[in-house]
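Start at 1 with the first residue, then count along the sequence. Heavy-atom basis, side chains included; hydrogens, waters and symmetry copies ignored.
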Amino acid sequence: MGVFGLSYYVFLKQFGKADEKSLGLPFRWNLQFFADEEKTEEATPRKLQQARSKGQVPRSAELSTVVTLLAGFMALKAGSSYLFRKLYSFFQYSFSSDQLNTYLDEVSLANIFNHTLFTVATIFIPVGLAVLVVGVMVNYLQTGGVFTLEPLKVKLDRINPLAGLKRMFSAQKWVDLLKALFKIGAVVIIVWSTFKGQVFPLAETNVLYPPFQTAARIWQLMFTIVLRIVLLLLALAIFDFYYQRFQYRKSLRMTKKEVQDEFKQTEGDPKIKSRIRQKQRQLAMRRMMQEVPKADVVITNPTHLAIAIKYEAEKMAAPQVLAKGEGYVAAKIKEIATEHRIPLVENKPLARTIYRTVEIGDLIPPHLYQAVAEVLAFVYKLRQKR
């Protein structure tokens, strides 16, 4: 069947007239074969661990950027007085008469460069350290500290134009576009409202302020604008953080077949494990039946349960359950006991209690001593009569 035959069949299927004769074939085609199985299952812990080892972790780049930006401006705000003093002393020193009249040679240029570099370092290194520490902490809290070289490996699908085109028109890109447009509009509104409320009235007063007061006003205005923008971006970044986690979980979803295949790889084939458990039960049953001839008495229900008990006063602290079972197993225990002339004693309450509370190979608990002793005493009397 070619492409046209399949298309013709799909067309007839839409109008309810498709059958095997429509294709001229003696057998039935299952079109589900051509459909991809939906990924409806959440990723298993093994799948999550494998993705993490490859460096695939949910992380919001926007959250890291916004938080580090906020930390930098807060550090500048906290040390603004120190920054202005250092800048003032630097400009005062640079424009002093001694410096302006200095003869420029290699030594003087080196001194100027060293002094400028030291001043800039003392001003901005504390801010840089604050940004560095906050940036590392934010990324660590998001990823949990993942270190892998897997993302640095060369992958051909990254330079595949078709894959790139597909990523360009993916849902993630549309979401990024909407977020970018919203950010631009919000920033424009914040800047315009701040200028309209504070800058324009200040410009209309025609009052000249001292240089330091003007610089302080400009700095306060800049800080207000940046703080408002950063707080808005922080709200968007928190939303982006949860959205990235949702997309990460969605991208790692698995089909039911993938879950089954992974379970087979880690736990083994369920069919094989079922056969192994069946063989183990058969071996345990065989060993248990081999212990029945050693019993002193078999307590019955009388038809549903059977418990084989043995007691040697010189060797045992209490009677021991050698075998127990219900239904077919109980019938088999009673059959073996009859063959070896082991007494069968009917005691429904005792049989039910022992079957529920005592495992094979365990000793009878103290609260059942009297009931079991009465049964054993009855059996010993029978043996004496024989």
Side-chain angles (χ1 to χ4, degrees), residues 41-42 44-49 254 256-386:
E41 306 300 315
E42 293 295 331
T44 60
R46 184 170 180 266
K47 180 76 175 287
L48 294 173
Q49 183 60 36
M254 307 168 66
K256 294 183 179 180
K257 187 177 184 304
E258 289 175 342
V259 175
Q260 293 174 357
D261 293 341
E262 182 180 303
F263 181 80
K264 290 179 181 179
Q265 293 176 1
T266 56
E267 303 294 334
D269 193 338
K271 295 181 180 179
I272 297 177
K273 294 182 68 177
S274 177
R275 294 195 193 100
I276 293 174
R277 287 193 296 267
Q278 184 179 359
K279 291 293 184 182
Q280 291 174 344
R281 286 194 297 268
Q282 292 176 355
L283 292 174
M285 181 72 65
R286 191 175 299 133
R287 287 194 298 268
M288 185 180 70
M289 293 304 177
Q290 292 174 355
E291 295 293 324
V292 174
K294 302 177 184 178
D296 294 323
V297 63
V298 174
I299 303 175
T300 64
N301 194 20
T303 58
H304 297 87
L305 301 177
I307 298 98
I309 294 177
K310 178 181 178 60
Y311 179 61
E312 295 180 8
E314 296 81 6
K315 299 180 181 180
M316 298 180 179
Q320 183 184 20
V321 175
L322 298 182
K324 69 175 184 176
E326 60 178 342
Y328 170 78
V329 178
K332 194 67 177 176
I333 292 174
K334 289 187 287 185
E335 180 183 345
I336 297 175
T338 303
E339 292 177 359
H340 293 81
R341 303 183 65 184
I342 299 173
L344 302 177
V345 178
E346 178 183 346
N347 190 326
K348 296 180 180 180
L350 182 59
R352 286 196 295 265
T353 304
I354 295 177
Y355 185 81
R356 289 197 305 265
T357 59
V358 185
E359 298 297 328
I360 299 173
D362 293 347
L363 300 179
I364 297 295
H367 67 278
L368 296 178
Y369 281 172
Q370 183 176 355
V372 175
E374 293 175 358
V375 173
L376 292 174
F378 174 74
V379 171
Y380 294 154
K381 288 181 180 178
L382 289 178
R383 287 182 179 177
Q384 291 176 358
K385 290 180 179 180
R386 292 175 184 174

Check whether any side-chain heavy atom of [X] sits under 4.5 Å from a side-chain heavy atom of [Y], and report yes or no.
{"X": "K324", "Y": "I354", "value": "no"}
{"X": "V329", "Y": "M289", "value": "yes"}
{"X": "V297", "Y": "I309", "value": "yes"}

Which value, rounded to the nearest 0.5 Å, describes the distance between [X] atom [atom1] and [Y] atom [atom2]?
{"X": "H340", "Y": "E335", "atom1": "NE2", "atom2": "CD", "result": "11.0 Å"}
{"X": "H304", "Y": "K348", "atom1": "NE2", "atom2": "NZ", "result": "9.5 Å"}
{"X": "I364", "Y": "L350", "atom1": "CD1", "atom2": "CG", "result": "7.5 Å"}
{"X": "Q290", "Y": "I336", "atom1": "CD", "atom2": "CD1", "result": "9.0 Å"}
{"X": "Q320", "Y": "K315", "atom1": "CD", "atom2": "NZ", "result": "12.0 Å"}

What heavy-atom pair brings [X] and [Y] nearest, and what distance separates the two atoms?
{"X": "K310", "Y": "L322", "value": "CB-CD1, 3.5 Å"}
{"X": "G325", "Y": "I333", "value": "N-CD1, 3.9 Å"}
{"X": "A330", "Y": "L305", "value": "CB-C, 3.8 Å"}
{"X": "A295", "Y": "I342", "value": "O-CD1, 3.7 Å"}
{"X": "D296", "Y": "P343", "value": "O-CD, 3.5 Å"}
{"X": "A337", "Y": "V298", "value": "CB-CG2, 3.7 Å"}

Fill in: Among R287, Q282, M288, the one residue meeting side-chain contact (heavy atoms from CB on, under 4.5 Å) with M285
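Exactly one pass, corresponding to M288.
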
Contacts table for residues 367-375: side-chain donor-acceptor under 3.5 angstrom, sequence neighbours left out:
none

